[in-house]
A.B. asks: 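Take a look at the following structure, please.
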There are 4 protein chains.
Amino acid sequence: MPTTRTERGKTARVERAKTARYYRKREQVVDVAVQLFSKNGYAGTGVADIGEAAGLARGALYYYIGSKDALLAEIHDRVLDPLLVETSAIVGMDISFQARLRLLSEALLRQIVHRRDHVRVFLHEYQQLQGEHRVRFRVKRRRFESHILSVLEEAHSEGKLREPDLDLAMLTYLNLHNYTYQWVSRRPDLTVQELARFYCGIFLNGILTDPLDQAVADAELEHGRSVLGVLLTKGLDH
Amino acid sequence: MPTTRTERGKTARVERAKTARYYRKREQVVDVAVQLFSKNGYAGTGVADIGEAAGLARGALYYYIGSKDALLAEIHDRVLDPLLVETSAIVGMDISFQARLRLLSEALLRQIVHRRDHVRVFLHEYQQLQGEHRVRFRVKRRRFESHILSVLEEAHSEGKLREPDLDLAMLTYLNLHNYTYQWVSRRPDLTVQELARFYCGIFLNGILTDPLDQAVADAELEHGRSVLGVLLTKGLDH
Amino acid sequence: MPTTRTERGKTARVERAKTARYYRKREQVVDVAVQLFSKNGYAGTGVADIGEAAGLARGALYYYIGSKDALLAEIHDRVLDPLLVETSAIVGMDISFQARLRLLSEALLRQIVHRRDHVRVFLHEYQQLQGEHRVRFRVKRRRFESHILSVLEEAHSEGKLREPDLDLAMLTYLNLHNYTYQWVSRRPDLTVQELARFYCGIFLNGILTDPLDQAVADAELEHGRSVLGVLLTKGLDH
Amino acid sequence: MPTTRTERGKTARVERAKTARYYRKREQVVDVAVQLFSKNGYAGTGVADIGEAAGLARGALYYYIGSKDALLAEIHDRVLDPLLVETSAIVGMDISFQARLRLLSEALLRQIVHRRDHVRVFLHEYQQLQGEHRVRFRVKRRRFESHILSVLEEAHSEGKLREPDLDLAMLTYLNLHNYTYQWVSRRPDLTVQELARFYCGIFLNGILTDPLDQAVADAELEHGRSVLGVLLTKGLDH
DNA sequence: CATGAATGAGGCTTCATTCAT
DNA sequence: TATGAATGAAGCCTCATTCAT
């Protein structure tokens with residue numbers, strides 16, 4: 001039993017280590033919740049619905065989730081945390097800014113395409129987050145945007161950009177990608193890489209002074225992807 | 001309350017002629033509801049909240065709104081109806097497809113920029129619509145999209161498009177515009193016309209075979225705008 | 001409709017004046033709650049129980065009570081407010097301290113004997129009060145105790161007290177009276193005035209340097225009671 | 001788990017011999033429960049809280065306590081059993097009734113002062129006891145009160161009492177002592193013996209026909225205390 | 001002995017809606 | 001037109017207790 005003896009001889013409770021089994025089940029519950037929140041909205045989904053869908057009685061459900069609030073926060077983490085890990089790795093890479101924007105595009109679209117439900121919840125239910133959580137995620141969101149902005153700033157300082165309003169450029173980049181969650185299920189034929197290529201083509205052609213050479217861009221990308229793969233793998237076993 | 005017994009034994013309310021005052025107040029109530037739905041979500045907003053914000057007691061509120069459901073439907077109408085009137089006028093105009101896309105862009109952004117709250121509700125709470133309403137608005141949405149698509153198809157048939165996937169092009173056009181609701185309040189300096197010019201510049205440069213000449217486009221636009229103005233005014237007094 | 005027009009022309013909701021009927025029913029609900037809290041304890045009584053006993057559905061109940069918490073606070077007010085009004089009138093009266101202690105005794109016992117349930121709740125459930133309320137009532141409790149203390153201090157300054165520990169004397173005075181709630185229902189034959197006479201006889205004989213002359217005390221009391229009656233009646237129509 | 005089938009088909013747990021270690025731990029758990037019940041009330045304290053404070057998981061906790069009910073009963077026993085042992089020894093002693101009342105006072109105050117939490121639970125949560133237990137403790141309470149009453153009756157039969165209502169006298173004696181639990185933590189300077197002397201002084205002066213001589217009372221008390229000490233020690237090894 | 005996982009009833013509260021006045 | 005009062009289902013969450021391991 002994980003307790004510690006204090007000097008007064010009393011036993012005090014310590015955070016009991018949760019088993020792997022606990023965490024596995026917890027993940028499953030969150031998976032279920034994501035689907036329901038995505039479909040019916042956060043406020044429109046009852047905790048009872050989640051329990052039923054997860055095959056858990058009300059009480060047991062709370063053993064895993066703590067609160068409905070916490071569930072929503074967890075879903076936000078699931079979207080932002082991997083995204084921030086990846087994007088902060090990308091912005092530091094020693095490749096052309098075009099390639100970095102393309103890698104960012106792929107990272108972002110991976111979330112949007114492969115975790116549609118998470119992203120929908122993330123984009124729709126942000127306002128339902130309360131107090132602390134709200135602040136926490138505002139910060140993370142800003143951090144993500146600043147990553148994109150930093151790449152655009154570099155391009156701007158090299159005189160490669162036609163558009164001087166970098167913030168608007170960044171927001172347009174977001175437009176192009178983020179809204180994809182609204183219709184992507186209607187187009188299961190499109191892959192992340194195809195979309196990234198298409199969006200970046202449009203975006204770069206739109207804001208660069210010189211026209212983009214897709215062939216060059218594609219070639220450089222291959223290299224970038226493998227470097228990034230190494231970076232992220234190393235990061236995982238720190 | 002004036003009711004009448006139908007032959008099936010159900011009671012149906014006699015449609016009493018509503019005064020102009022009734023409709024004015026009703027509009028005010030919907031205005032209030034839009035704000036609250038936008039801020040707290042549909043499910044997250046109580047009918048009591050609406051009543052309080054509108055200065056109406058529960059009973060009186062229901063006299064105006066009928067039901068919470070109806071309120072949501074009305075908000076959808078407020079977004080889609082003027083948009084469809086305008087876009088169907090635009091697609092029939094005898095000007096270049098570039099100009100038509102630009103006019104569509106302005107029409108769309110007018111809703112997004114000037115009726116942010118409506119658009120947010122429209123984009124987020126669609127799934128909360130029940131049965132009949134859901135179907136009705138799905139149809140309207142599709143109609144709107146088909147207007148854009150028809151313009152792109154014309155461009156394609158003229159051999160002006162680099163991208164053969166017209167559906168993807170249309171969706172990308174939507175991406176570019178629709179997501180704007182998420183951040184536009186942070187950029188009150190941007191006007192509808194500026195945004196339309198910027199988005200269309202990027203979009204057309206991205207999908208056209210020949211580069212876009214903005215000067216020409218801008219010139220033609222002026223003409224288009226005035227023609228459209230006439231069309232819509234005539235439409236109003238049908 | 002009680003609304004006010006702001007200078008911007010919007011209507012803002014004002015605290016709607018509650019009807020007398022509302023307040024009457026509210027009192028009844030509190031009456032019911034007091035009985036249940038007294039019998040089963042605050043935590044041991046469900047809001048559903050109160051509703052049932054009051055003949056109100058769950059929803060309607062909340063229309064009257066606001067929250068279970070507020071109910072408990074109201075009960076505390078019902079005990080302390082009249083007590084403080086009366087005791088602060090008494091301590092300022094121009095009669096012997098013996099007579100004032102006797103009048104205080106009667107005031108206190110009136111609550112204990114005639115509002116047994118209130119007093120039991122007041123004495124047992126104080127700790128269940130949360131935050132603000134807790135503080136508010138701690139202050140009121142102290143104020144009440146200070147009234148008694150002030151009378152004892154006057155007696156002490158006149159050299160009439162054998163016991164120098166005035167705080168202990170005051171607490172003993174409380175002992176003598178307050179615990180009565182625990183058994184008074186077993187002795188319905190005892191009146192407030194009898195009990196006050198008995199308790200004050202014991203208390204004063206116990207702490208005075210000179211023995212108490214009950215005959216004198218009783219005579220003076222008659223006068224005190226009528227003066228107090230006048231004071232309190234005047235206070236009511238302020 | 002070792003169970004055995006009774007002839008009626010029910011399963012009954014085989015009483016396994018409990019080790020000393022078991023009883024030690026059980027005592028600790030009850031200690032913890034008393035504190036929590038005293039602070040938050042019986043209904044306001046969760047079994048989980050007790051487990052946490054005791055450093056035991058839910059399952060293990062139940063191994064020791066059986067049920068929350070049983071815990072409350074045990075606490076009542078802890079107050080009443082030693083009190084009854086002592087008071088029944090006292091009432092049988094061959095000393096003046098004044099001395100016996102003084103010894104009873106000390107016995108009672110020992111519980112109140114040194115086991116404040118127990119006493120608070122005892123006085124507040126009596127009504128939460130269910131069925132059997134409720135009856136059992138009502139009997140014990142009555143027995144305790146009858147001990148006091150028997151001493152007063154003796155005094156009365158000797159013509160020493162001014163007050164003929166013996167029940168009221170007994171209840172007043174209880175008032176004086178029992179309410180002490182409410183404020184004693186604010187006065188840690190007061191000892192049991194001081195309080196007993198003070199209370200008995202007041203009480204006896206209040207109900208005796210002849211004034212009490214404290215010097216005599218104190219002298220006799222010394223003797224009484226030592227005799228009682230012997231009695232109780234013998235009682236323990238019966 | 002001890003645990004973590006599970007249960008289902010019940011906890012307090014808010015909800016959309018109705019209706020007599 | 002407008003209101004206050006009422007309803008009952010549903011909201012989120014905690015509870016005492018059990019039991020396989």
Side-chain angles (χ1 to χ4, degrees), chain A residues 1-3 16-19 21-22 25-26 43-51 55-71, chain B residues 1 16 18-19 21-22 25 43-51 55-71, chain C residues 1-3 16-19 21-22 25-26 43-51 55-71, chain D residues 1 16 18-19 21-22 25 43-51 55-71:
Chain A
M1 186 211 341
T3 60
R16 257 169 245 281
K18 307 283 188 181
T19 67
R21 188 170 171 286
Y22 173 89
K25 195 128 197 174
R26 187 171 200 289
T45 303
V47 170
D49 303 333
I50 301 172
L56 247 40
R58 222 83 50 79
L61 189 69
Y62 271 83
Y63 178 66
Y64 290 105
I65 67 170
S67 79
K68 204 189 172 193
D69 239 56
L71 220 36
Chain B
M1 190 206 335
R16 195 211 288 276
K18 312 285 187 184
T19 68
R21 186 168 170 288
Y22 171 91
K25 194 124 196 174
T45 302
V47 170
D49 302 334
I50 300 172
L56 248 44
R58 288 256 231 316
L61 189 70
Y62 268 82
Y63 176 71
Y64 290 107
I65 65 171
S67 79
K68 203 187 172 192
D69 243 54
L71 221 37
Chain C
M1 186 207 344
T3 61
R16 254 170 247 283
K18 306 283 188 180
T19 68
R21 188 171 171 286
Y22 172 90
K25 195 129 194 172
R26 189 172 199 288
T45 303
V47 170
D49 303 334
I50 301 173
L56 248 41
R58 224 82 51 80
L61 189 70
Y62 269 83
Y63 177 66
Y64 290 105
I65 68 170
S67 78
K68 204 189 172 192
D69 239 56
L71 219 37
Chain D
M1 191 209 332
R16 195 211 286 277
K18 311 286 186 180
T19 67
R21 187 170 169 286
Y22 171 89
K25 195 125 195 175
T45 303
V47 170
D49 302 334
I50 300 172
L56 248 42
R58 288 256 232 314
L61 190 70
Y62 268 82
Y63 176 70
Y64 290 108
I65 67 170
S67 80
K68 203 188 173 192
D69 242 54
L71 220 37

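All figures in this text were calculated on a predicted structure; none of them were measured in a lab. Convention: sequence-line order gives letters A, B, ...; per-chain numbering from 1.
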A.B. asks: Report the residue (D:K68 or B:A60) whose heavy-atom-nearest nucleotide on DNA chain F is the more 5′ of the two.
C.D. replies: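 Per heavy-atom nearest nucleotide, the more 5' residue is B:A60.
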
A.B. asks: Over how many whole Å does the gap from C:D49 atom CG to E:dG11 atom C1' extend?
C.D. replies: 11 Å

A.B. asks: Can you name the nearest heavy-atom pair linking A:Y64 to A:R21, along with the distance?
C.D. replies: OH-NH1, 4.5 Å

A.B. asks: For DNA chain F, what dot-bracket results from Watson-Crick or G-U pairs at under 3.5 Å, with [ ] for crossers and | for inter-strand partners?
C.D. replies: .||||||||||||||||||||

A.B. asks: For a quick test of reading the model, state the closest non-hydrogen atom pair linking B:K25 to B:L56 and the distance between them.
C.D. replies: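 In terms of heavy atoms, the two residues are closest at CE-CD1, 3.7 Å.
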
A.B. asks: Do the side chains of D:L71 and D:I50 get nearer than 4.5 Å, heavy atoms only?
C.D. replies: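 D:I50 reaches D:L71 side chain to side chain.
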
A.B. asks: Looking across every strand, which nucleic acid part, if any, lies under 4.0 Å from A:Y22 by heavy atom: base, sugar-phosphate, or nothing?
C.D. replies: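 A:Y22: backbone/sugar contact only, no base atoms under 4.0 Å.
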
A.B. asks: Reckon A:R58 has a side-chain N or O less than 4.0 Å from the OP1 or OP2 of E:dA6?
C.D. replies: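 No, outside the criterion.
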
A.B. asks: Any idea which heavy atoms bring B:A43 and A:A43 closest together, and the distance?
C.D. replies: CB-CB, 3.4 Å

A.B. asks: Does A:D69 or B:R21 map to a spot on DNA chain F nearer the 5' end, using the closest nucleotide for each?
C.D. replies: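 Its nearest nucleotide lies further toward 5', so the answer is B:R21.
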
A.B. asks: Given atom CD1 of A:I50 and atom P of F:dA10, what is their separation to the nearest angstrom?
C.D. replies: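 Rounding to the nearest Å, CD1 of A:I50 and P of F:dA10 are 17 Å apart.
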
A.B. asks: If you check the D:Y64 side chain, which of E:dA2, F:dA2, F:dT7 turns out closest?
C.D. replies: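 Selected nucleotide: E:dA2.
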
A.B. asks: Nearest-Å distance, OH (D:Y63) to P (F:dC19)?
C.D. replies: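 One finds 17 Å between P of F:dC19 and OH of D:Y63, rounded.
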
A.B. asks: Over all strands shown, is D:G59 touching base, sugar-phosphate only, or nothing at heavy-atom distances under 4.0 angstrom?
C.D. replies: base

A.B. asks: Could you report the tightest heavy-atom contact between D:I65 and D:A70, atom names first, then the distance?
C.D. replies: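 Reported closest heavy-atom pair: O-CB, 3.6 Å.
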
A.B. asks: Does a side-chain N or O of A:Y62 approach OP1 or OP2 of E:dA6 to a distance below 4.0 Å, or not?
C.D. replies: no

A.B. asks: Please report, rounded to the nearest Å, how far the P atom of F:dG11 is from the CG atom of A:L71.
C.D. replies: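 Going from CG in A:L71 over to P in F:dG11 covers 15 Å.
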
A.B. asks: Nearest nucleotide by nearest heavy atom, which residue falls closer to the 5' end of DNA chain E, A:L56 or C:G44?
C.D. replies: A:L56

A.B. asks: Which pair of non-hydrogen atoms, one from C:G51 and one from C:L61, has the smallest distance, and what is that distance?
C.D. replies: N-CD2, 3.8 Å

A.B. asks: Closest approach to the side chain of B:T19, judged atom by atom: which nucleotide of F:dT1, F:dC13, E:dA2 is it?
C.D. replies: F:dT1

A.B. asks: For E:dA6, take OP1 and OP2 only and decide whether either is under 4.0 Å from a side-chain N or O of A:K25.
C.D. replies: yes

A.B. asks: In this structure, how many angstroms lie between the P atom of F:dT1 and the CD1 atom of B:I65, rounded?
C.D. replies: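 Checked: the CD1 to P distance equals 16 Å.
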
A.B. asks: If each of A:A57 and C:A43 is mapped to the nucleotide of DNA chain E with the nearest heavy atom, which maps nearer the 5' terminus, i.e. the 5' end?
C.D. replies: A:A57

A.B. asks: Report the distance from atom CG of B:L61 to atom P of E:dT18, rounded to the nearest whole Å.
C.D. replies: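 Going from CG in B:L61 over to P in E:dT18 covers 12 Å.
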
A.B. asks: Using side-chain heavy atoms (C-beta onward) and a distance below 4.5 Å, is A:Y62 in contact with A:V47?
C.D. replies: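 Counting from C-beta outward, A:Y62 and A:V47 do come under 4.5 Å.
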
